[in-house]
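Have a look at the structure below before the remarks.
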Amino acid sequence: MIFAANFKTNHTRISTMQYIMQLQEMLDTNPVNHQVMIFPPMSALLPSTEAVKVGTQNAWHTQNGAYTGEIGLEQLAEFDIDTILIGHSERRNIIGESQELLAQKFDYFAKNNFLIIYCIGEPIEVRESGEEAVAEYLWDQFDGIDINYNRLIVAYEPIWAIGTGRSATVDEINSTHNELRKRVKAPLLYGGSVNQNNIVDICKVSNVDGVLVGSASLDAKNFYEMMRLVN
Ligand code: PGA
């Protein structure tokens, strides 16, 4: 399974270093059979360790240049980072990134051979309109995206499940991932209120290849325990 931790605007550089050391130590002592990656805030970007891959939550599609507040390839290369989240609902909805911009970013980082975790997910009113509406909404979020890119991972994260404590049900995850699997060959992650109580059931769902975890990943021990539960 793939275990990805999205810190969002949590943790500092020091606490991220401690987190990585703690996680690496637990993985050394008691290894798990999973691919582990974390996405700390930009100020805490660090080189990956043997067992913990570090990626960025965002970057601009440039080598460098005049993009105030952004970082590009040059800044990522300093830490050997080749993994990026694109399309998280918080960037789509709070920051206002359009599908067109996401497609440009995707194209640029794909050309630079990045591992891309591309996030999609519907708002509650779409979910309440039924599965067909959900499918249509999600496929629209692939506009301009090369779903056959060979270093792609797709994360399905219903917006109403993110940070709410209300994960999608196993049935909802099952039907949505089966729909995605019709066209997407890449690994499929589920995200949205994943925690120690639901991780086992979620990971049993067919076509779930891993999870993208926010709140429950912030404590290294908690995140590691989740990995142990499905090992
Ligand atoms: P959550 O966040 O686990 O806190 O719901 C998941 C995410 O936004 O990636």
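When a ligand or atom number is given, it counts from 1 through the structure's own listing order. Values below: all heavy atoms of this structure, side chains included; hydrogens, waters and symmetry mates excluded.
When heavy-atom distances to ligand 1 are checked against 4.0 Å, the residues falling inside are Asn6, Lys8, His88, Glu157, Ala161, Ile162, Gly163, Gly192, Ser193, Leu212, Val213, Gly214, Ser215, ordered by chain and number.
The distance between the ring centers of Phe109 and His61 does not fall below 6.0 angstrom.
Leu115 and Leu152 are not part of a single hydrophobic cluster, where members link through side-chain heavy atoms under 4.5 Å apart.
Atom CD of Glu100 has 12 or fewer neighbouring heavy atoms from other residues, nucleotides or ligands inside a 6.0 Å radius.
Between Phe3 and Phe223, the two ring planes are perpendicular [angle over 60°; tilted spans 30° to 60°].
Scanning for side chain to side chain donor-acceptor pair (under 3.5 Å) contacts around Ser129 gives an empty result, with sequence neighbours left out.
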>> Could you walk me through whether Tyr19 and Phe7 satisfy the ring-ring contact (aromatic ring centres under 6.0 Å, His included) test, starting with their C-alpha distance in whole Å, then the side-chain angles of each, then the deciding distance to 0.1 Å, before giving a yes or no?
In response: CA-CA 11 Å; Tyr19 183 105; Phe7 288 1; 4.7 Å; yes
